[in-house]
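What you see is a predicted model; the values in this text were computed from it and never measured.
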Amino acid sequence: MVDLPPLLDQPTFDAQADAATRVHKLAIPRHVTMYAERRKNAFGPDHHYAVTGFYPRGEEAFTEQIVPGSQAEDASEAIRVQLGRFRERGW
């Protein structure tokens with residue numbers, strides 16, 4: 001597991017409750033900008049967060065990942081949850 005410098009693991013100042021962007025240095029090692037967006041579930045009243053990631057030149061870092069609303073209170077938390085999943089896989 002890679003220890004991140006504290007500055008890289010902070011949400012951006014323009015982060016909102018429904019969307020957030022954060023930059024992380026993953027074990028690959030390459031910097032990845034992760035973006036989470038709140039979306040309504042197709043069925044039922046709840047929501048989920050769609051998390052995407054891009055390398056500095058705009059290349060897609062991974063396919064869209066889904067974090068249920070029950071696992072994250074806001075978009076910034078959804079990024080933390082997905083980052084934890086990646087770290088468990090050694091990424």
Side-chain angles (χ1 to χ4, degrees):
M1 184 156 85
V2 175
D3 291 325
L4 296 175
L7 185 59
L8 291 178
D9 200 24
Q10 299 299 316
T12 57
F13 290 107
D14 62 344
Q16 303 171 10
D18 292 343
T21 303
R22 295 165 68 176
V23 177
H24 298 278
K25 184 175 181 183
L26 302 178
I28 297 176
R30 291 177 75 181
H31 285 83
V32 173
T33 299
M34 296 176 72
Y35 178 77
E37 180 180 26
R38 184 177 192 239
R39 295 185 183 164
K40 287 187 173 188
N41 287 343
F43 298 99
D46 207 3
H47 67 278
H48 65 274
Y49 293 93
V51 180
T52 55
F54 297 92
Y55 294 120
R57 293 189 178 167
E59 307 163 57
E60 188 176 272
F62 51 84
T63 58
E64 184 176 277
Q65 304 292 306
I66 301 299
V67 176
S70 61
Q71 293 182 0
E73 292 181 16
D74 59 22
S76 185
E77 180 66 22
I79 291 174
R80 266 192 296 278
V81 168
Q82 187 57 48
L83 184 59
R85 291 176 181 172
F86 285 148
R87 286 179 175 162
E88 287 175 5
R89 295 182 211 161
W91 197 38

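- Not counting sequence neighbours, the partners of Thr63 by the side-chain contact (heavy atoms from CB on, under 4.5 Å) test are Glu60, Gln65.
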* Between Tyr49 and Ile66, is a side chain to side chain contact (heavy atoms under 4.5 Å, CB included) present by the stated rule, with each step listed? -> CA-CA 6 Å; Tyr49 293 93; Ile66 301 299; over 6 Å; no

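- No continuous path of hydrophobic side-chain contacts links Met34 to Phe54 [ILVMFWY only; heavy atoms under 4.5 Å].
- Between Ala75 and Ala36 the shortest heavy-atom distance is O-CB, 3.5 Å.
- Residues Val81 and Tyr35 do not share a hydrophobic cluster, clusters being chains of Ile/Leu/Val/Met/Phe/Trp/Tyr side chains in contact below 4.5 Å.
- Looking at Glu88 and Arg85, no side-chain N of the basic residue comes within less than 4.0 Å of a carboxylate O on the acidic one, giving no salt bridge.
- When the salt bridge (Lys or Arg N to Asp or Glu O under 4.0 Å) test is applied to Glu64, the partners found at least two apart in sequence or on another chain are Arg39.
- Side-chain contact check for Tyr55 versus Val32: some heavy-atom pair is nearer than 4.5 Å.
- None of Arg80, Gln82, Glu77 except one satisfies the side chain to side chain contact (heavy atoms under 4.5 Å, CB included) rule with Val67; the exception is Gln82.
- Rounding to the nearest 0.5 angstrom, the gap separating the NE2 atom in His48 from the NZ atom in Lys40 is 12.5 Å.
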